[in-house]
Q: 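The structure that follows is given in the form of structure tokens.
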There are 2 protein chains.
Amino acid sequence: MARIAAGLESAFARRGFAVPSVEDLRDAAGVSLRTLYKYAPSRDRMVRIALEHRHRRYLDHVFSDLPMGHEAALDALFERIGLWMERETSHGCLFHAAVAANPDDNELKALLERHKSEVAERAAGATGLSGRKIELMQVIEGLTQSWPLYRERATTGARHLGAALRRAEVPGPFDARTSSPSLT
Amino acid sequence: MARIAAGLESAFARRGFAVPSVEDLRDAAGVSLRTLYKYAPSRDRMVRIALEHRHRRYLDHVFSDLPMGHEAALDALFERIGLWMERETSHGCLFHAAVAANPDDNELKALLERHKSEVAERAAGATGLSGRKIELMQVIEGLTQSWPLYRERATTGARHLGAALRRAEVPGPFDARTSSPSLT
DNA sequence: GCACAAGTAGAACAATCGCTCTACATCGTC
DNA sequence: GACGATGTAGAGCGATTGTTCTACTTGTGC
């Protein structure tokens, strides 16, 4: 079952969600059509199984054994995401890709939101930026989405943004004209 | 022709790139199948025509008549992108969606890169952040990608990041540990 | 040694796909 | 008012799709 999920995930990651046929997915999963349909009774389910597998692997890769210090954790976070991009996908976020390929599927949307909110929660906790969760998430999204174009420079850029965000966080109100940290 | 392109664009924007059949696209374009195939001899071409149309409309909406001052331009930029997201898509970048749906299509990839690099060029020019083009682009990507989840708060978050980026830009080296502004 | 669950390989199904083609209507121009 | 260009409506084509089903093989527990 885990092998099936892994195969499905890598197939969708490599070729997108629209292109691969069920027979392609069968090859990727390394089982027969019958067994594949036993665990994933429809193509939609294959997509969801792949995404759930990806979710677990992503959280493991990015958040396990992060440095304790907030500053070090922030740097390590971007480093790990950059490494993930390099190793795993080379194009943007797989969850966004899945929803983009099928915008009417509400189950996919729910999966995307659950994934993002868990990432946001963990990232904010590890870096001490709970008051700037949205901005932190945006840097992460920016890194993920711009990585295919900028490669390693995207990681550096995200570190810069993270440092600027932290520096603006500490002293007091971020930007008095629009809001105060305690309100967001 | 412009009406066809507009129809195609809105069809792909609303329903993604995988789902709509050519007959759906014909309905969206408001012409017969024959005329549609005259201007777009294959479904792939329909996708490209839609993206080119979107490219022009996006640049018009976001960059025309921006305020002259760098700071005002930066704020206006995020405001306009937020407004664009609200009006046009409600989910992420259409170019990324197109490439994600069909990762092997190199023509699509080229279109994506041309779009992004022109956005980066114009944004950096208008805001005076040419030395931080990558970071600026990442904030834009972060705003675009996180807008569906955070709505108006995404715009505010991007403004915060933009302000932090500008503040870090002016005084001198950004982060001596990793790089200096003059090198990136 | 045999029954049974669980696997494989792949034929078969209706539906749908992208695309082509035919037949007919509507123009502006001489 | 005839003409050619350009449009519409939609039937038809072969290929491919997601899904189901049949027939056969394998491993495990009693």
Side-chain angles (χ1 to χ4, degrees), chain A residues 1-54 94-95 97-109 111, chain B residues 1-54 94-95 97-109 111:
Chain A
M1 178 62 190
R3 288 191 62 177
I4 294 180
L8 292 175
E9 186 206 324
S10 91
F12 286 126
R14 204 174 54 250
R15 317 196 34 215
F17 289 94
V19 172
S21 70
V22 173
E23 303 204 346
D24 294 335
L25 298 172
R26 168 202 52 162
D27 293 344
V31 296
S32 74
L33 219 46
R34 179 184 176 134
T35 338
L36 178 57
Y37 268 95
K38 177 179 174 187
Y39 293 105
S42 74
R43 194 180 186 277
D44 288 346
R45 293 289 287 267
M46 298 174 201
V47 170
R48 274 182 274 160
I49 286 173
L51 288 181
E52 279 156 16
H53 191 257
R54 158 77 60 142
L94 199 66
F95 291 81
V99 171
N102 212 322
D104 295 330
D105 188 329
N106 290 320
E107 306 217 40
L108 279 191
K109 248 184 255 187
L111 232 56
Chain B
M1 178 62 189
R3 288 191 60 180
I4 295 179
L8 292 175
E9 187 206 324
S10 91
F12 286 125
R14 204 172 56 250
R15 314 195 39 213
F17 289 93
V19 172
S21 70
V22 173
E23 304 204 346
D24 295 335
L25 298 172
R26 169 201 53 163
D27 293 344
V31 296
S32 75
L33 218 47
R34 178 184 177 135
T35 336
L36 178 57
Y37 268 95
K38 177 180 174 186
Y39 293 105
S42 74
R43 193 182 187 275
D44 287 347
R45 294 289 288 267
M46 299 174 201
V47 170
R48 275 181 275 160
I49 286 173
L51 287 181
E52 279 156 15
H53 191 257
R54 160 76 59 141
L94 199 65
F95 290 80
V99 171
N102 212 321
D104 295 330
D105 188 329
N106 290 319
E107 308 218 39
L108 279 191
K109 249 185 252 184
L111 233 57

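Below, chains carry the letters A, B, ... as their sequence lines are ordered, and counting in each starts from 1.
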Q: Between atom NZ in B:Lys38 and atom P in C:dT20, what is the gap in whole Å?
A: 15 Å
Q: Among the nucleotides D:dG7, C:dG18, D:dT19, which one has an atom lying closest to any side-chain atom of B:Ser21?
A: C:dG18
Q: Tell me which nucleotide among C:dG7, C:dC19, C:dT8 gets nearest to the side chain of A:Tyr39.
A: C:dG7
Q: In this structure, how many angstroms lie between the C1' atom of C:dT8 and the CD1 atom of A:Ile4, rounded?
A: 13 Å
Q: Could you please name the option among C:dA23, C:dC19, C:dA9 that lies closest to any side-chain atom of B:Arg34?
A: C:dA23
Q: Report the distance from atom CG of B:Asp24 to atom P of C:dG18, rounded to the nearest whole Å.
A: 8 Å
Q: Please report, rounded to the nearest Å, how far the C1' atom of C:dC19 is from the CG atom of B:Asp44.
A: 13 Å
Q: Which atoms form the tightest heavy-atom contact between A:Tyr39 and A:Ile49, and what is the distance?
A: O-CD1, 3.5 Å
Q: Rounded to the Å, how far apart are B:Tyr37 OH and D:dC13 P?
A: 17 Å
Q: Out of D:dT19, C:dC19, D:dT8, which nucleotide sits closest to the side chain of B:Ser32?
A: D:dT8
Q: Rounded to whole angstrom units, what separation is found between the CE atom of B:Met1 and the P atom of D:dG7?
A: 12 Å
Q: Can you measure B:Glu23 atom CD to D:dT8 atom C1' for me and round it to whole angstrom units?
A: 14 Å
Q: Sort out for me which residue in B:Arg48, B:Met1, B:Glu9 forms a side chain to side chain contact (heavy atoms under 4.5 Å, CB included) with B:His53.
A: B:Glu9
Q: Rounding to an integer number of Å, can you tell me how far B:Leu33 CG sits from C:dT22 P?
A: 15 Å
Q: What's the closest nucleotide to the side chain of B:Arg43 if the choices are D:dT20, D:dT8, C:dC19?
A: C:dC19
Q: Where is the tightest heavy-atom contact between B:Ala28 and B:Ala11, given as atom of each residue plus distance?
A: CB-CB, 3.6 Å
Q: What contact category does A:Thr35 fall into here, base, sugar-phosphate, or nothing, at under 4.0 angstrom with non-hydrogen atoms?
A: base
Q: Using every non-hydrogen atom in the two residues, find where B:Ala101 and A:Val19 come nearest and quote the distance to one decimal.
A: O-CG2, 4.0 Å
Q: Apply the side chain to side chain contact (heavy atoms under 4.5 Å, CB included) test between B:Phe17 and each candidate in B:Leu94, B:Val99, B:Asn102; give the one that qualifies.
A: B:Leu94
